[in-house]
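Reading through the structure tokens given below for one structure.
Convention: sequence-line order gives letters A, B, ...; per-chain numbering from 1.
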Amino acid sequence: MFLRKHRFGVVSHTDLIPKLIPLVRSFNSFSYSPSTNVVDETSTNYEFDFNQLFISCNKSIHLAKRLHALLLVSGEAKNIYFSAKLVNLYAYLGDISYSSITFEQIRTKNVFAWNSMIFGFVHNGCSREAINCYYRLLVTSSSRVRPDFYTFPVVLKACGDLVDGKKVHCWVLKLGFCLDLFIDASLIHMYSKFGFVTDARKVFDVMWVRDKGTWNAMISGFCQNGNAVEALGVFEEMRMEGVQLDSTTVSSILPVCAPFGEGLKGILIHVYAIKHGLEFDVFVSNALINMYAKLGELVSSRKVFDQMITRDLVSWNSLISAYEQNNDPISALKLFSEMTENKFQPDVFTLVSLASVVAQCGDDHKSRSVHGFIMRRSWMCEDSFIENAIMDMYAKLGCIDLARKVFERMAFKDVISWNTLITGYAQNGLASEAVEVFREMEWCKGIVPDQGTLVSILPAFSHLGSLQHGMRVHGYSIKIGLCMDIFVGTCLIDLYVKCGRLDDAMLLFKQVPRRSSVPWNAIISGHGIHGDGEVALTIFGEMQDDGVKPDHVTFVSVLSACSHAGLVEQGKSCFQLMQQKYGIEPSLKHYGCMVDLLGRAGHVDIAYDFIKNMPIRPDASVWGALLGACKVHQNEELGKVASEQLFEVDPENVGYYVLVSNMYASTGKWDGVDKVRALARDRGLRKTPGWSSIEVNKKVDVFYSGNQSHPQCEEIYKELGGLLSKMKSLGYVPDYSFVLQDVEDDEKEHILTSHSERLAIAYGIINTPPKTPIRIFKNLRVCGDCHNATKLISRITERDIIVRDSNRFHHFRNGHCSCGDYW
DNA sequence: ATAGGGTTAG
């Protein structure tokens with residue numbers, strides 16, 4: 001006689017015993033030992049706990065199937081209770097098809113069965129099916145079978161959007177379940193998930209009783225919506241009410257501490273966790289690793305990690321990403337191999353970090369491995385996150401075409417995908433491609449440009465000097481309320497600066513929040529490249545008066561402002577100030593600025609001594625600054641020294657070969673020119689072609705020197721011819737030292753006249769109303785002869801001509817230039 | 001018998 005003790009009474013079934021005993025035995029031999037109450041096999045009385053049996057089976061799908069088979073054979077499967085448990089068991093083990101087949105075979109489904117099925121779908125990520133199942137339940141519901149308080153938490157979890165959620169909420173109210181703690185927590189969670197955290201708060205506020213779960217739901221709701229202040233507020237309230245924090249509370253509050261400047265609070269919570277024995281909780285430890293990483297405290301991250309008793313994949317991922325975020329790709333890679341040695345299989349998160357790590361290393365080969373690894377696991381199509389990371393990786397490695405390919409094959413592109421591609425183009429110097437992508441994006445349904453988009457596209461417009469397009473984006477930023485964002489605001493300041501509208505830049509600067517150094521740096525550098533060194537220094541002074549701490553970028557801006565304006569003494573004292581007052585160690589960029597400052601002012605020898613005394617190894621930009629100065633001040637001897645260094649440090653950069661060859665050409669040393677050219681040719685380098693662009697009626701035209709293919713070509717050359725004769729009558733003599741080819745004089749004159757900047761200016765004169773300003777952009781430095789010519793053209797045409805070259809601005813007016821011929 | 005709230009990313 002077999003007895004099964006059960007809540008609902010005692011059921012007997014004789015045939016089941018002989019079949020069940022071996023099953024129970026196999027469970028016992030299976031490392032996990034269920035505490036089945038099999039008292040004595042030989043006895044005729046068994047007390048058998050079926051719950052234990054089901055629990056035993058949740059380790060393996062095979063055991064579950066054997067149990068199912070036995071229940072079928074014995075006829076017990078007809079028992080609705082067992083069937084529902086099976087639905088649950090299969091779902092738990094991840095076999096949703098077995099789960100739903102079992103469910104469908106139940107003739108009279110009770111709530112338990114329905115709940116199990118809905119749970120099954122949610123547990124296996126089939127939210128849509130879960131919701132459908134819930135609707136089926138509603139349709140078939142009667143007084144006997146209708147959703148109960150077990151149903152709603154699961155259904156709420158399955159809601160795909162606010163509409164679903166609100167409908168479910170209505171049913172909750174209709175059926176009178178509004179005082180259930182679990183349901184309320186789920187409601188709070190649902191509203192927060194869709195960003196409606198105020199609705200979540202409403203649910204929270206009307207609750208009479210709250211348990212830890214509901215507090216935690218509210219806190220995590222605020223945290224996940226980036227509302228740190230509210231989150232910390234609720235957190236304090238919770239403590240005031242004397243509710244003990246648990247590991248869930250701690251691990252949901254920790255992630256908001258670092259990004260919202262509450263690092264100290266985070267550390268205090270760490271102390272609390274240690275005191276209350278939550279320190280070794282995996283979730284808490286992982287959150288701590290991440291928090292310390294964001295605070296830049298890598299040592300603490302590592303310490304937490306090392307002290308952990310058990311680590312999971314998230315722990316490894318967190319520490320890898322900690323190293324990645326703090327620019328230590330070598331340690332990150334080391335940790336990755338340690339992780340695989342410890343038999344942890346990398347997941348999507350690991351690979352996202354790894355993509356960024358290999359980009360930091362600049363390792364082309366490893367990047368292909370990362371991409372291949374992801375493709376082999378077909379993770380590419382699962383979500384856009386990883387694909388965006390891969391795009392970013394390729395873009396950072398300079399393989400923008402590969403990034404594009406990834407982008408084009410993406411099944412689902414989100415805003416970030418577009419932003420990543422735009423940034424990729426912009427950072428690889430392909431501004432017009434970036435603009436092209438932006439245009440495409442604007443036509444793309446369902447994609448709304450966000451802060452990230454503006455921050456990636458505005459520099460491209462600045463780079464192209466495309467003022468009208470940039471202004472349109474400025475308008476858009478006002479519309480979506482982002483123009484006062486520090487980063488967008490700074491990009492806009494930079495746009496106006498780079499488009500030659502220093503006054504507009506200044507106006508905007510006065511409006512944006514100025515607590516951070518970012519906008520200050522932009523406006524200081526703006527005045528610098530416009531040659532207003534004095535104003536730059538004044539603003540720098542105001543910045544210090546306002547108590548804004550200058551950073552290393554500020555000093556690059558200040559020093560280069562001094563060098564553009566020839567403020568040697570002021571530059572020197574800023575260099576001192578940076579080290580002594582602000583304790584900033586000069587970087588190569590700062591040294592480059594100083595060499596430029598000294599060299600340009602004619603102190604080439606002092607600049608060389610300065611380089612020799614540098615505590616770090618000078619790089620190409622430092623030697624390049626010296627070479628530039630040598631060219632201007634015709635110091636061939638030092639120029640040779642600089643060039644030898646340059647060809648060693650940065651042999652691939654064409655610019656330096658051109659500079660050296662120009663230096664020789666300007667003094668007519670053609671053999672030197674030939675030597676350098678031969679050297680460049682041997683190394684397979686080709687001169688970057690010079691070009692100038694101009695924006696007329698929102699259309700940007702680009703001119704190359706000697707360009708003959710423009711539709712208005714004839715008109716342009718006619719205009720230039722007319723200007724040339726007027727210039728000559730004003731005493732213009734072409735300066736052939738800027739012609740870098742050894743040709744006859746009349747040929748030289750033609751070469752000068754067809755320099756790209758002149759073509760662009762002529763085009764501007766033809767296509768814009770008289771006396772309006774002309775703004776052009778040149779990718780290289782403007783040539784000395786064109787500089788002279790442009791001064792005269794500004795006088796003849798009574799126009800302001802603003803030329804931005806690769807180095808700075810030249811504002812020509814009535815025969816003079818703002819740079820005072822110092823550049 | 002079945003349910004909620006937690007850590008990592010571009």
Side-chain angles (χ1 to χ4, degrees), chain A residues 6-8 50-51 54-55 80-82 84-85 87-89 91-92 110-120 122-123 147-157 177 180-190 192-193 200 210-221 223-224 245-255 278 281-291 293-294 312-322 324-325 347-356 359 383-393 395-396 414-417 419-420 423 452:
Chain A
H6 190 263
R7 242 172 92 166
F8 303 121
F50 266 84
N51 285 326
F54 270 96
I55 291 171
I80 182 162
Y81 163 65
F82 286 150
K85 278 224 95 157
V87 172
N88 219 305
L89 186 59
Y92 186 80
N110 63 0
V111 206
F112 177 29
W114 283 102
N115 289 349
S116 301
M117 192 65 253
I118 298 172
F119 167 81
V122 177
H123 190 76
D148 65 359
F149 48 84
Y150 285 110
T151 319
F152 288 106
V154 190
V155 172
L156 282 165
K157 202 174 168 184
F177 289 121
D180 185 277
L181 285 173
F182 275 52
I183 295 179
D184 282 340
S186 305
L187 280 168
I188 292 169
H189 186 241
M190 182 273 296
S192 322
K193 189 167 101 184
R210 295 171 186 143
D211 71 349
K212 247 179 235 174
T214 42
W215 281 102
N216 289 342
M218 193 64 251
I219 292 172
S220 80
C223 292
Q224 276 153 12
L245 314 185
D246 65 0
S247 52
T248 305
T249 328
V250 172
S251 43
S252 45
I253 200 82
L254 279 176
L278 305 172
D281 180 278
V282 182
F283 280 75
V284 172
S285 303
N286 293 345
L288 283 169
I289 295 174
N290 288 304
M291 181 192 74
K294 289 205 181 78
D312 64 0
L313 188 53
V314 179
S315 322
W316 290 94
N317 286 346
S318 301
L319 197 60
I320 291 175
S321 113
E324 181 263 311
Q325 282 165 31
D347 70 349
V348 179
F349 286 92
T350 326
L351 268 293
V352 168
S353 297
L354 228 46
S356 176
D383 65 63
S384 56
F385 220 114
I386 189 134
E387 291 176 289
N388 294 341
I390 292 294
M391 276 170 60
D392 194 53
M393 173 186 77
K396 285 211 179 96
D414 60 9
V415 198
I416 310 278
S417 319
N419 294 355
T420 309
T423 313

What is the distance from [atom1] of [X] to [atom2] of [N], rounded to the nearest Å?
{"X": "Glu324(A)", "N": "dA9(B)", "atom1": "CD", "atom2": "P", "result": "9 Å"}
{"X": "His123(A)", "N": "dT2(B)", "atom1": "NE2", "atom2": "P", "result": "14 Å"}
{"X": "Leu313(A)", "N": "dA9(B)", "atom1": "CG", "atom2": "P", "result": "13 Å"}
{"X": "Asp184(A)", "N": "dG4(B)", "atom1": "CG", "atom2": "C1'", "result": "10 Å"}

Closest to the [X] side chain, choosing from [options]:
{"X": "Tyr150(A)", "options": "dA3(B), dG6(B), dT8(B)", "answer": "dA3(B)"}
{"X": "Ala185(A)", "options": "dT7(B), dA9(B), dG4(B)", "answer": "dG4(B)"}
{"X": "Asn115(A)", "options": "dT8(B), dT2(B), dG6(B)", "answer": "dT2(B)"}

Check: [X] side chain, [N] base, donor-acceptor under 3.5 Å:
{"X": "Asp211(A)", "N": "dG4(B)", "result": "yes"}
{"X": "Ser251(A)", "N": "dG6(B)", "result": "yes"}
{"X": "Ser220(A)", "N": "dG6(B)", "result": "no"}
{"X": "Asp281(A)", "N": "dG6(B)", "result": "yes"}

N/O donor to acceptor pairs below 3.5 angstrom from side-chain atoms of residues 180-188 of chain A, sequence neighbours left out:
residue: Asp180(A); atom: OD1; partner: Phe182(A); partner atom: N; Å: 2.9
residue: Asp180(A); atom: OD1; partner: Ile183(A); partner atom: N; Å: 2.9
residue: Ser186(A); atom: OG; partner: Phe182(A); partner atom: O; Å: 2.9

- Query: Under 3.5 Å, is there a donor-acceptor pair between the Glu324(A) and Ser353(A) side chains?
  - Reply: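 Result is no, nothing qualifies.
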- Taking the side chain as C-beta and beyond, is there a heavy-atom pair between Asn317(A) and Ser321(A) under 4.5 Å?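 No. Closest side-chain heavy atoms not under 4.5 Å.
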- Message: Just to verify, what does Ser247(A) make a side-chain contact (heavy atoms from CB on, under 4.5 Å) with, not counting sequence neighbours?
- Response: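 For Ser247(A), the residues satisfying side-chain contact (heavy atoms from CB on, under 4.5 Å) (neighbours in sequence not counted) are Leu278(A), Asp281(A), Val284(A).
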- Item | Distance below 4.0 Å between Gln224(A) side-chain N/O and dG6(B) OP1 or OP2 |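 Indeed, a polar side-chain atom of Gln224(A) lies that close.
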- Message: What contact category does Thr214(A) fall into here, base, sugar-phosphate, or nothing, at under 4.0 angstrom with non-hydrogen atoms?
- Response: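 Here Thr214(A) touches the bases of the nucleic acid.
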